[in-house]
Number of protein chains: 2
Amino acid sequence: MDTEQVRRVRSFNRTVSQRIGVLKDHFLDRNRPLGEARLLYEIGRAGVEVRDLRARLELDSGYVSRLLRSLERQRLVRAQAAANDGRVRRVRLTRAGLREVRELDRRANVLARSVLAPLSVPQRDRLITAMAEIERLMRASAVQISVEAPDSADARWCLEQYFRELAGRFETGFDPAKSIPANADELTPPAGVFVVARLGGRPIGCGALKLKDRMIAEIKRMWVAADARGLGVGRRILEMLETRARDLGVSTLRLETNRTLEEAQALYRSCGYVEVEPFNDEPYAHHWFEKTRI
Amino acid sequence: MDTEQVRRVRSFNRTVSQRIGVLKDHFLDRNRPLGEARLLYEIGRAGVEVRDLRARLELDSGYVSRLLRSLERQRLVRAQAAANDGRVRRVRLTRAGLREVRELDRRANVLARSVLAPLSVPQRDRLITAMAEIERLMRASAVQISVEAPDSADARWCLEQYFRELAGRFETGFDPAKSIPANADELTPPAGVFVVARLGGRPIGCGALKLKDRMIAEIKRMWVAADARGLGVGRRILEMLETRARDLGVSTLRLETNRTLEEAQALYRSCGYVEVEPFNDEPYAHHWFEKTRI
DNA sequence: CCGATTATCTGACTACAGTCAGAGAATGGA
DNA sequence: TCCATTCTCTGACTGTAGTCAGATAATCGG
């Protein structure tokens with residue numbers, strides 16, 4: 001990674017946080033502590049339970065309690081016990097609180113507009129395009145991939161989504177019972193590996209390795225959530241699995257796939273997998289791939 | 001300005017400040033107050049006078065004093081009276097202070113690297129390109145243009161740069177005495193208008209309007225600093241002058257320019273100015289432009 | 001029904017980031 | 001020379017953003 005790129009990222013961080021910071025000080029909060037404003041925003045028009053508030057903002061319970069007391073004194077929120085559980089308290093915005101949130105919203109808009117206003121129309125278009133690109137790539141960069149037990153809650157959730165996706169996309173539907181199995185044991189070390197990709201703690205993809213013998217392993221369960229595609233997550237999962245395979249001394253990777261999964265095939269090809277004769281009788285497969293000397 | 005663009009800017013601000021913020025907390029300061037770290041950074045290897053430090057960071061003198069005392073106690077900086085003025089104190093980093101600054105630097109690099117690391121090579125390139133674009137456009141958006149007296153310090157500095165530039169670019173050099181004059185009176189309301197463009201307080205461009213009669217005015221002294229070109233500053237100065245002219249009831253704008261100032265001519269043409277027969281005998285001019293119905 | 005757990009609240013505390021009012025020493029200009 | 005100004009420092013203060021240790025009440029599980 002070249003130092004010029006590192007320099008650019010640092011410069012970007014500096015410029016952007018400074019510029020946003022300056023504008024924020026100018027337009028936003030003013031004479032409301034940031035903590036209170038954040039709470040107001042998070043409460044929203046529907047109201048929330050205090051414990052949710054705490055969890056979402058990751059704040060100390062005592063601190064939240066005090067902030068809510070302050071907001072209550074200002075008549076911006078009202079708290080009452082939840083209907084079904086007497087320990088839980090629900091807070092909701094009063095009419096004045098709603099007004100306050102709208103005002104904060106308005107100011108955030110003014111702030112955003114003040115960035116756009118001095119620019120010409122084509123400059124604005126370019127700015128928006130670049131901002132969208134940065135957001136996408138920052139999301140991509142925030143994706144974390146880790147080895148995990150295939151029967152963990154998140155892993156099972158991913159597999160469920162995966163099967164659902166296959167059922168929706170295969171022309172014939174998909175029944176796991178008819179497919180070659182890959183159960184939890186087979187995807188757990190030393191028999192195999194299961195990895196989960198996460199974005200902001202939420203699982204968004206998975207993949208697995210199933211060792212066939214000491215030299216050959218199969219790639220299984222490759223899945224990326226629809227709203228996380230185009231971020232290179234699939235490629236990173238595949239690379240992670242290849243690294244693991246290499247560590248295990250495996251030299252050949254194989255996989256089979258259905259003809260409707262075209263983007264997957266494109267990924268495999270671009271990662272150096274070549275189509276080979278069928279090496280198993282998976283009923284849902286149309287294409288078999290192999291990569292040697294990984 | 002469409003609301004979708006406003007939404008995008010807000011989303012960008014949120015994503016970026018959150019992502020940078022999280023990383024910052026993770027890598028940087030840790031157990032050094034931000035204020036002290038900023039000071040250390042600003043002192044740099046050469047050392048500075050305390051009053052400069054105060055001015056640059058815009059901090060209260062008492063506050064800076066206390067921060068410096070704290071840094072001295074930690075043996076990171078040393079202060080001593082300036083050689084020429086006994087009131088002024090100079091601070092410089094000790095060896096340990098220098099080490100600390102280098103450590104902060106290293107961590108900022110790690111932070112930047114952690115953004116790049118998970119990305120593929122083409123993704124990195126796209127990120128860097130988009131970051132450069134955002135920085136440029138944010139700089140463009142931070143440019144402020146204001147009407148000002150043509151004999152203010154900044155205005156005179158701009159004019160000096162302007163003349164220097166002309167002298168360097170014209171094939172014949174440039175002697176203001178031989179050119180048609182536009183002195184301070186003529187560029188001050190009600191006879192004319194002078195505007196200065198600034199970026200972060202620093203003047204980076206200027207332009208003027210000189211009224212000829214009630215219907216006609218001339219554009220003069222259009223200049224943009226070399227390091228601020230390509231940000232659309234020239235266009236904004238021109239638009240500002242046109243707005244002023246309109247307010248004064250002027251309907252025709254004229255200007256003359258030298259053949260070597262090609263980018264200026266392109267600007268004038270793209271803003272609706274058309275080339276006309278010479279309307280004066282400016283010795284340095286090769287092209288005369290006019291815009292009617294402004 | 002009892003003991004553990006959960007959700008909230010209160011009180012006491014800390015660190016950070018400043019602001020404000022003056023004091024004291026050095027300097028510069030009339 | 002003297003008076004105003006500049007520069008730095010100290011003391012006293014504020015507001016924000018938390019943290020931590022319990023106390024209390026409601027609920028859950030056996």
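Values below: every heavy atom of this structure, side chains too, minus hydrogens, waters and symmetry copies.
Shown for residues 71-82 of chain B: no residue has heavy atoms falling under 4.0 angstrom of DNA chain D. If you check residues 48-56 of chain B against DNA chain D, the residues with a heavy atom closer than 4.0 Å are B:V50, B:R51, B:R54, listed by number.
Residues that satisfy the side-chain hydrogen bond (donor to acceptor under 3.5 Å, both in side chains) test with B:S17, not counting sequence neighbours, are absent from this structure. Annotation: ring-ring contact (aromatic ring centres under 6.0 Å, His included) contacts of B:Y41 (sequence neighbours excluded): none.
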Nucleic acid footprint by protein, nucleotides 23-30 of chain D - heavy-atom cut-off 4.0 Å, B for base, S for sugar-phosphate alone: ---BS---
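The backbone N or O of B:L119 lies less than 3.5 Å from a partner atom in the side chain of B:R124, making a donor-acceptor pair. Of the possible donor and acceptor atoms, one in the side chain of A:E186 sits under 3.5 Å from a partner among the backbone N and O of A:N183.
Between the CG atom in A:L68 and the CZ atom in A:R54 there is a gap of 10.0 Å [rounded to 0.5 Å]. To the nearest 0.5 angstrom, B:L187 atom CG is 6.5 Å from B:R221 atom CZ.
The nucleotide whose nearest atom lies closest to any side-chain atom of A:V88 is, among D:dT19, C:dA7, D:dT10, C:dA7. Out of D:dC9, D:dC20, C:dG18, the shortest distance to the side chain of B:L59 is found at C:dG18.
With respect to B:E160 and B:R164, a salt bridge is recorded, a charged nitrogen being found less than 4.0 Å from a carboxylate O. Ion pairing between a basic and an acidic side chain is recognised when a charged N comes within 4.0 Å of a carboxylate O; B:R139 and B:E135 show no such pairing.
Among the heavy atoms of the strands lying under 4.0 Å from A:R38 are primed sugar atoms or P, OP1, OP2 only; no base atom is included.
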All N/O pairs under 3.5 Å across the protein-nucleotides 12-16 of chain C interface:
unit_1 : atom_1 : unit_2 : atom_2 : d
C:dA12 : N6     : A:R66  : NH2    : 3.4

